[in-house]
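Since this is a predicted model, take the numbers as computed values, not measurements. A, B, ... follow the sequence lines: proteins, then strands. Residue 1 opens every chain.
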Amino acid sequence: MTTLILTEKPSVAADFSKALGVRTRRDGYYEGNGTLICWAVGHLVELFAPEDYSPSFKKWSLATLPILPEPFKYKPIKKSGKQLGVIKKLLKTPGLDRVIIATDAGREGEVIARTILLQAGFTDKGRIMRFWTSQALTPAVVRSTLEKLQPITDYDRLWRAGYYRQVADWMVGMNGTRALTVRLGDLYSVGRVQTAVLALLVQRRRERENFKPEPYVVVKVHFANEKGKWIGTWFKEKETRIVDLDAAQGLVARLTAEETPGVVLSAEKEKKSDPPPYLFSLTDLQQEANKRFGFPAKKTLNVAQGLYQDKKCLSYPRTDSRVLGTQNLDMVKKLVDKLAETAPALFKGVDHGRIALSNKRVFNDAKLTDHHALIPLKNLPPSATADEAKIYELVLRRFAAAFHPNCHYENTKIVTGFSSETFQTTGKIILSPGWREAWPIKAKKEDEAYIPPLVNGDAAHKEKVAAEKKETTPPAAYTDALILKEMTNPGRYVSEKAMKDLFRGEVGIGTQSTRAQILEILIQREYAKREGKTLAATDKGCYLVEMLQKTAVSRVLTSPEETARWEMSLNRIALGEGNNENFLATIKEFVQKSMDELKTVVMEGEAPVGRKRTGEVVGRCPACGGEVIEEYKNFKCACGFVLWKKIAGKNLTPNMVGHLLRTKKSGPYNGFISKKKKRFTASLILAQKEGSWQVTFDFDSNGKKGGGKKAAGEPAPWSSSPNASGSFSHSQEAASYVSQPERPTTLASKPAQNQKPLRGLNQTGPRPCPACGGSIIEGKRGFGCSNWPADKGGCRFVIWKTLFGRELTESQLTSLLSMKPTRPCNLTTSDGRTVKTRLRLTNTPQGWMVMADPDEQGIKHFEPVVCAH
DNA sequence: GCAAGGTC
């Protein structure tokens, strides 16, 4: 009697091991009591690449499209081949009479298991059972679910839906990418998810570029009576904006001249309450971390993964779900008690009556997907980084908030009549904060300030008339948070109302596990770029979408609605409602038509500069006299001579290179960008140095700043030069080399005569440099050691004048230099919150650092600041 | 040089 349990990932195998007391750890599995527990690492098997079917698909050409394999085949994923080997071997265990599939309870979990079984040649369905739950895998949940194993055939439909998803994405992606790449002359990838998301970014960029701000005026009157003061905003038929500027001016004049007092026409108060927010799904967490800390989606995922995997203080992060299972009630009760010990302030308002199955906002099996919501599992270990502390705190607060009472508040709406016009005043007073104690909101808006207790008929004396001139604003640029929201809820792109209802929250573009990756792919392929928090389509991305939208068939790839519809069809197949054959037939037909179209359609429009492989000759090679040809990313001669298209952030055109090859000098050109992100202007020089041809910048010819330091002729590290083996080597590290104009503006760069001893220090007696005993001198941005410059053995110690968003005071500096903690002081976090804590100077193995203490709940808010430069 | 889906 031997049972084999297969899980999706190591952490779940560990849960089984604990629950069943199967503790002997072998290489790649656990063993004991006649039970083997092994794990996958996500997908271990993938679809063949086109060239695996036939070598003729190795070359990308329109002639071989569409590629529609029949049948589709699978192969092991190379990097996890070892683990697949372990599972294959265990499946051959003599006397194995039961295989329990315990991969995640969802479509992809099913695919992971079935493709492994397929690859292992294990076909005896009679021996296979399905373990199916989305509850947190406490020992009790594992054991009770093992008593309710399902026949694997109950999940055949789900496997079919997963298989269709795989091959449909493959057919569309492989064929589409090849067709567009060949047609447009550079790598242009397309796919159900990435192209739909890119289209959203492109659409938003167009909306913003075409947006024309319209001026309007908002008129406000300040009223007062014996009860107090309030401000009324002019309105008519719910509209507060006055577009006709002359009319607004007339209105202001009339109101200013009006002598008769106004009267309160209506004063309504309404009591309302908001329930606590749902627990976090990954997307919710990513949106929140993006808004508060500016973290990109990928970064939040990475940090959460570390907290789950290494620190073990967060549950599995890649979840769609905002609820827990009903079987996890006891676990939650214990968890709340435990976490409350270290963060009492967050949990003191918890209503224990809400830690109950009647609380459907938390415990709801019907809303459970593959995994349960993201929750804390234990306290944050002290080894956590500042970023980890930030993410952990969000999850902890959200968890605490979920068990708090509702937030009760009162909305007030006053309408004041004055000079035959109407003015509105709205306000909101929090009566009892409830969950908002654990989940603070930002400062109130001005118009939600205190309003006097007015009643109908109260007099309203005019104090002041004010007109605010404003402009309409374009739709906001996308951030990670906003685009994730669109991907999660594409319902608004569905046209029919009936479909819209079905779509609400059920299907999205991509999945929790891949959304962050998709954004990174768009950036990596240069279809989109990050600028601070915002995410915008590049020219290249716009070009791709523009070309697709010129087509009649292939344009559906740019439609978020279409990808949502696919998902819907697949869900129906999984439920046994869809017409199986129709789905794939429809996709195949689409691919076929799309290929017919992309082979013949005329695509007008200019490709972004420098992004094509024309294969054209742009000039003669200076090394051998051969032809220099334009490739994807460079201009190249058969002898090995290479010129990169992109130098210091600027794309070289064939014309520029042609000129350079002919005359050995070209330019000056604007628009180079140094490593420190500064733009500069320079000419290019092609010259022979120590036997190789090299490109360098020449600053002299344009007479601008920074000239001379690194003049023409000096070897630059990005130029082509033969290495020891005779071939050409190159590097694109150009920017740092040419950033000479930027001198560091630190303390050290100041001329010596500007340095002066710090006054405050002299009054209390000089404090020596803690690092070397030298004296501390005030610089422009910090207090540094006089033993700088540090070219050989000097001291690099400095304490910056601005630390954690605040100006350092003299007494704080004195404390730090004396190696004492400062008094508690207010500091500003990167997301603008104020935290009161102490600073201290510490000598760590990584060097001297100024650190901010954790707060009362043990949560760290600040990264240490290094005191060397 | 290609998809999207997992996990680390």
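Between A:Q166 and the phosphate of B:dA4, there is no side-chain N or O to OP1/OP2 separation shorter than 4.0 Å. Look at A:Q305 and you won't find any side-chain N or O under 4.0 angstrom from OP1 or OP2 of B:dT7. Of the side-chain N and O atoms in A:R165, none sit less than 4.0 angstrom from OP1 or OP2 of B:dA4. Side-chain N/O atoms of A:S189 include none lying less than 4.0 angstrom from OP1 or OP2 on B:dG1. Phosphate contact (OP1/OP2 of B:dG5, side-chain N/O of A:T514, threshold under 4.0 Å): present. Dashed line: the shortest gap from a side-chain N or O of A:Q309 to OP1 or OP2 of B:dT7 is not under 4.0 Å. A close approach under 4.0 Å does not occur between any side-chain nitrogen or oxygen of A:T181 and OP1 or OP2 of B:dG1. Between B:dA3 and A:R525, a contact under 4.0 Å exists linking OP1 or OP2 to a side-chain N or O.
Residue A:Y53 contributes atom OH, which lies 18 Å from atom P of B:dC2 at whole-angstrom precision. Taking atom NZ of residue A:K58 and atom P of nucleotide B:dC2, one finds them 15 Å apart after rounding to whole Å. In this structure, the CD atom of A:E46 is 13 Å from the P atom of B:dC2, given to the nearest Å. Summarising the geometry, the separation between CG on A:L187 and P on B:dA3 is reported as 8 Å, rounded to the nearest angstrom. Distance OH (A:Y74) to C1' (B:dA3): 13 Å, rounded to an integer number of Å. The CG-C1' distance, from A:L301 to B:dC8, rounds to 10 Å in whole Å. We find that NZ of A:K312 is positioned 12 Å from C1' of B:dC8, with the value rounded to whole Å. The CD1-P distance, from A:I521 to B:dG1, rounds to 15 Å in whole Å.
When all heavy atoms of A:G541 and A:V202 are compared, the pair lying nearest together is O-CG2, 3.8 Å. Taking both residues in full, the closest heavy atoms of A:L374 and A:S315 are given as CD1-O, 3.2 Å, listed atom of the first, atom of the second, then distance.
Note on A:N175: nothing from the nucleic acid sits closer than 4.0 angstrom, heavy atoms only. Among the heavy atoms of the strands lying under 4.0 Å from A:P10 are primed sugar atoms or P, OP1, OP2 only; no base atom is included. Backbone-only engagement by A:R192 is indicated by non-hydrogen atom pairs under 4.0 Å involving sugar-phosphate atoms exclusively. A:G510 comes within contact range of the sugar-phosphate backbone alone, with a heavy-atom separation under 4.0 Å but no base atom that close. At a threshold of 4.0 angstrom between heavy atoms, the contacts of A:A40 with the nucleic acid are absent. Base engagement by A:V41 is indicated by at least one non-hydrogen atom pair under 4.0 Å involving a base atom. Residue A:I77 is classed as a base contact, given a heavy-atom separation below 4.0 Å to a base. A:Y316 comes within 4.0 angstrom of sugar-phosphate atoms only, judged by non-hydrogen atoms across all strands, and of no base. Heavy atoms of A:E51 sit under 4.0 angstrom from at least one base atom. Among the atoms of the strands shown, only primed sugar atoms or phosphate atoms (P, OP1, OP2) are found under 4.0 Å from some heavy atom of A:T511. Here A:V111 lies out of heavy-atom contact (under 4.0 Å) with every strand.
Nearest-nucleotide mapping onto DNA chain B: of A:T195 and A:R318, the residue sitting toward the 5' end is A:T195. Residue order along DNA chain B, read from the 5' end via each residue's closest nucleotide, puts A:Q524 first among A:R515 and A:Q524.
Among the nucleotides B:dA4, B:dA3, B:dC8, the one closest to any side-chain atom of A:V193 is B:dA4. Taking only side-chain atoms of A:A49, from C-beta outward, the nucleotide of B:dC2, B:dC8, B:dA4 with the closest atom is B:dC2.
In this structure, A:R530 pairs ionically with A:D480, as a charged nitrogen and a carboxylate oxygen lie closer than 4.0 Å.
Looking at A:Q517, its side chain comes within 3.5 Å of the base of B:dT7 through a donor and an acceptor atom.
Evaluation of the side chain to side chain donor-acceptor pair (under 3.5 Å) test over residues 369-378 of chain A, restricted to residues two or more places apart or in two chains, returns A:K9-A:H371, A:D104-A:H371. Note on residues 45-58 of chain A: pairs passing salt bridge (Lys or Arg N to Asp or Glu O under 4.0 Å), not counting sequence neighbours, are A:E51-A:R178, A:D52-A:K75.
Under the stacking definition used here (centres under 5.5 Å, planes under 30°), the residue A:W60 qualifies as stacked on the base of B:dG1.
Contact of the A:Y163 side chain with the A:V111 side chain is not registered, since no non-hydrogen atoms from C-beta on lie closer than 4.5 Å.
With a 6.0 Å cutoff to the six-membered ring centre and a 45° limit on the axis angle, A:K540 does not count as a cation-pi contact of A:Y543.
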